[in-house]
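Okay, so here's the structure we're looking at.
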Amino acid sequence: GAVVSQHPSWVICKSGTSVKIECRSLDFQATTMFWYRQFPKQSLMLMATSNEGSKATYEQGVEKDKFLINHASLTLSTLTVTSAHPEDSSFYICSASLRTGGIQETQYFGPGTRLLVL
Amino acid sequence: LAKTTQPISMDSYEGQEVNITCSHNNIATNDYITWYQQFPSQGPRFIIQGYKTKVTNEVASLFIPADRKSSTLSLPRVSLSDTAVYYCLVGDNTDKLIFGTGTRLQVFP
């Protein structure tokens, strides 16, 4: 249980194009999903928190017009990198929050999406 | 949000027990402690989560002292496949988790 998938697993695109990444919780409903970015040899950096049916909350320094997040249902969130540039090349990881008991919640992570912008 | 501090790296040999300690001096009453494992080019994998005392599952144990200002992840009899980065996170049901640097564990044959 608690499986999170991402699609695509990797993508190569030209500079200036937009790329959409899907995150799905396969066997549970997640009221909250998160998007992270990870550069080589670095830790995960939280980009935004996404709640179903409402606007995402972005971390400081993350451009909301650049990284569009849509949380259409309790099992699907999408991240669109608009007008991608080489500096957007990174490993993008989503997670979904599952309530495991009382107020206890656990985040389960997707496998990640490797984006390379040429 | 509680900040965590972990050793940057650790070395071990196959078959040994590995203990990774995490400090979280400012942990709040509602915070849980969660450990993740990450392999290169993969998303973090949930290992174990606890609130106090000791938690054990099929892969690890988590020891949390009474003051909860630290926690120790214990991996029994590690193998080469346990070479990875291990992250300790604390958070409450407001959900936001901030990743620290993690501990890079290298297991040697």
Side-chain angles (χ1 to χ4, degrees), chain A residues 1-7 9-10 21 23-25 28 30-52 56-60 71 90-116, chain B residues 1-9 20 22 27-53 55 57-60 62 64 68 83-106:
Chain A
V3 178
V4 177
S5 70
Q6 280 184 242
H7 178 80
S9 56
W10 59 270
I21 302 171
C23 176
R24 293 181 185 273
S25 55
F28 67 99
T31 53
T32 308
M33 288 185 170
F34 305 84
W35 288 94
Y36 296 81
R37 182 166 55 179
Q38 186 175 35
F39 293 105
K41 303 294 185 182
Q42 295 186 21
S43 185
L44 282 78
M45 292 168 38
L46 179 64
M47 298 175 67
T49 302
S50 170
N51 289 291
E52 185 264 341
T57 301
Y58 291 81
E59 294 299 302
Q60 190 173 8
H71 196 152
S90 189
F91 191 51
Y92 292 87
I93 309 170
C94 73
S95 70
S97 187
L98 171 64
R99 180 146 295 182
T100 50
I103 62 170
Q104 182 175 352
E105 296 203 12
T106 303
Q107 283 192 37
Y108 292 92
F109 288 81
T113 297
R114 175 75 60 191
L115 171 63
L116 177 61
Chain B
L1 295 171
K3 180 180 178 180
T4 61
T5 303
Q6 303 174 233
I8 292 179
S9 65
I20 306 175
C22 177
I27 190 169
T29 303
N30 290 334
D31 285 344
Y32 281 82
I33 301 158
T34 312
W35 285 80
Y36 293 89
Q37 175 193 56
Q38 188 182 28
F39 298 111
S41 297
Q42 294 186 26
R45 183 176 77 99
F46 172 83
I47 301 175
I48 198 166
Q49 184 179 69
Y51 183 80
K52 61 180 178 180
T53 61
V55 180
N57 61 22
E58 62 276 8
V59 298
L62 178 60
I64 307 168
R68 303 201 327 124
T83 293
V85 179
Y86 292 82
Y87 293 99
C88 160
L89 292 99
V90 296
D92 61 14
N93 63 336
T94 63
D95 303 330
K96 189 170 174 176
L97 295 179
I98 304 298
F99 279 77
T101 58
T103 297
R104 191 172 298 273
L105 173 65
Q106 178 69 55

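Residue numbers begin at 1 in each chain, while the letters A, B, ... track the order of the sequences. Everything numeric here is computed off the predicted structure, so don't read it as measured data.
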Seminar exercise, completed: Residues at least two apart in sequence or cross-chain that pass side chain to side chain donor-acceptor pair (under 3.5 Å) with B:Thr103, listed by chain then number, are B:Gln6
Seminar exercise, completed: Assert top hit (heavy-atom pairs under 4.5 Å, partner chain B, pool A:Val4, A:Thr106, A:Leu46) equals A:Thr106
For this session: Tell me, please, which residues at least two apart from A:Phe39 pass ring pair (Phe, Tyr, Trp, His ring centres under 6.0 Å).
Result: none
Exercise. Given a strict heavy-atom distance threshold of 4.5 Å, which part of A:Gln6 is in contact with chain B: side chain, backbone, both, or neither?
Worked result: neither
Problem set entry | Test of ring centre spacing under 6.0 Å for B:Phe99 and A:Phe34 | no
Exercise. So which heavy atom on B:Ile33 is nearest to which on B:Leu62, and how close?
Worked result: O-CD2, 4.0 Å
Problem set entry | Residue, of A:Ala2, A:Gly110, A:Pro111, A:Gly112, that accumulates the most heavy atom pairs under 4.5 Å with chain B | A:Pro111
Problem set entry | Contacting moiety of B:Tyr51, where chain A heavy atoms sit under 4.5 Å | neither
